[in-house]
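Shown next, in C-alpha cells, is the structure this report addresses.
Computed over heavy atoms, backbone and side chain alike; hydrogens, waters and symmetry mates excluded. Bear in mind that the values here come from a model prediction, so they are computed numbers and not experimental data.
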Amino acid sequence: FLFPFPLFLCWGSNRGRRHTMLSSLMKEHQARKASFRESNEKLRREASDAVADLTVAFMDSINRGVVEVYMNQHQLENEARALQTQATQFAKLSAQWVSMYASFNTALKELGDFENWCKVIEDDAHAIASVLEHCSKAATDRQHMYQRSH
C-alpha cells in the first residue's frame, strides 16, 4: 500500500502533529482497507452467485438433454414393441397365405387330374361306342346276309 505523501515529511519538530497525521493516515488506510474488503466480499458474493446460476443453467441444460434422450429411448422402445407385434402378425398372416396357396394349388392339381380323368373316360366311351357301332353294323350286315341267303 502506498501512502499519498512521503513519510519523511511527517518527521518534523512538532510531535503531536506527527501523531495526528499518522493517526489520520492509519484511519484512512483502515477505511480504504475496509472498503476494499467490502468490495471484495461483494464481488466474491456476485461471483459465487454467478457460478451458482451458471451451475443451475448447466444442470438444467444437461437435464433437458437427459430427459430428451430418455423420452426418445422410451418412444423407440414403444415403436420397437409395436413393430415386433406387427411382424408377428405379418408372419402369422403369411403362414395363412402359404397354407391357403398350398390348398388352392392342391385343388388345382386335383381339378387337372379330374379333367384328365374325364378326358380319358370320354375317350374310352368314344372307343366303346365305336366298337359297339362296329359290332352293331357287323350284326346288321350278318342279318342281312342271312336273310338273303334264306
Side-chain angles (χ1 to χ4, degrees), residues 1-7 9-10 20-150:
F1 178 74
L2 295 175
F3 292 104
F5 53 87
L7 283 178
L9 293 176
C10 298
T20 307
M21 284 183 76
L22 282 175
S23 198
S24 71
L25 282 176
M26 190 65 153
K27 286 180 185 177
E28 198 177 305
H29 170 70
Q30 287 177 350
R32 283 186 191 162
K33 190 175 173 183
S35 173
F36 183 69
R37 280 186 187 155
E38 285 177 23
S39 176
N40 276 349
E41 188 59 33
K42 182 181 176 190
L43 289 173
R44 187 177 334 194
R45 281 192 304 268
E46 287 175 359
S48 178
D49 291 344
V51 167
D53 291 345
L54 182 62
T55 302
V56 168
F58 279 149
M59 291 307 292
D60 285 347
S61 175
I62 290 169
N63 285 341
R64 265 185 266 133
V66 168
V67 167
E68 186 176 338
V69 166
Y70 174 77
M71 295 300 283
N72 288 343
Q73 180 182 4
H74 187 67
Q75 183 180 1
L76 285 173
E77 288 172 356
N78 287 340
E79 289 178 9
R81 279 192 285 274
L83 184 61
Q84 179 65 35
T85 301
Q86 289 176 351
T88 302
Q89 290 173 348
F90 181 72
K92 288 178 183 176
L93 186 60
S94 295
Q96 288 175 348
W97 289 344
V98 167
S99 175
M100 288 172 46
Y101 173 76
S103 297
F104 180 70
N105 194 29
T106 302
L108 281 178
K109 285 180 183 178
E110 288 173 358
L111 182 63
D113 290 344
F114 179 73
E115 188 177 347
N116 187 37
W117 177 79
C118 287
K119 197 168 203 162
V120 168
I121 294 294
E122 184 181 0
D123 289 345
D124 287 348
H126 283 299
I128 291 171
S130 177
V131 167
L132 288 176
E133 194 176 308
H134 181 66
C135 287
S136 173
K137 186 176 179 187
T140 306
D141 286 346
R142 267 195 233 144
Q143 263 186 350
H144 285 302
M145 279 178 47
Y146 179 72
Q147 287 176 355
R148 282 188 201 155
S149 61
H150 282 37

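With Ser103 contributing its side chain and Ser99 its backbone, the two residues share a donor-acceptor pair below 3.5 Å. For the pair Thr106 (side chain) and Ala102 (backbone), a donor-acceptor distance under 3.5 Å is present. Using a distance-only test at 3.5 Å, with no hydrogens or angles considered, a donor-acceptor pair links the side chain of Thr140 to the main chain of Ser136.
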Identify each donor-acceptor pair in which a side-chain atom of residues 87-98 lies under 3.5 Å from a protein atom, sequence neighbours left out, and give them as a table.
residue, atom, partner, partner atom, Å
Thr88, OG1, Gln84, O, 2.9
Ser94, OG, Phe90, O, 2.9

Can I get a per-line list of side-chain donor-acceptor pairs under 3.5 Å for residues 65-76, giving both atom names and the distance, sequence neighbours left out?
residue, atom, partner, partner atom, Å
Asn72, ND2, Glu68, O, 3.4
Gln73, NE2, Glu77, OE2, 3.4
Gln75, NE2, Glu79, OE2, 3.2

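Exactly one residue among Met26, Lys27, Met21 makes a side-chain contact (heavy atoms from CB on, under 4.5 Å) with Ser23. That residue is Lys27.
The structure places CG of Leu25 at 9.0 Å from CZ of Arg32, a figure rounded to the nearest 0.5 Å. With rounding to the nearest 0.5 angstrom, the CZ atom of Arg44 is 10.5 Å from the OG atom of Ser39. Here the straight-line distance linking atom OG of Ser48 with atom CD of Glu41 works out to 9.5 Å at 0.5 Å rounding. Within the model, atoms OG of Ser130 and CG of Asp123 stand 12.0 Å from one another, a figure rounded to the nearest 0.5 Å. If you take NZ on Lys137 and CD on Glu133, they are separated by 8.5 Å, rounding to the nearest 0.5 Å. Between atom CG of residue Asn116 and atom CG of residue Leu111 there is a gap of 11.0 Å, rounded to the nearest 0.5 Å.
Summarising the local packing, CD of Glu46 is surrounded by more than 12 heavy atoms from other residues, nucleotides or ligands at distances under 6.0 Å.
A salt bridge is absent between Lys119 and Glu115; no separation between the charged side-chain nitrogens and carboxylate oxygens falls under 4.0 Å.
Residues Lys42 and Glu38 form no side-chain contact, since every pair of their non-hydrogen atoms from C-beta on lies 4.5 Å or further apart.
The closest side-chain donor-acceptor pair between Arg37 and Asn40, if any, does not fall under 3.5 angstrom.
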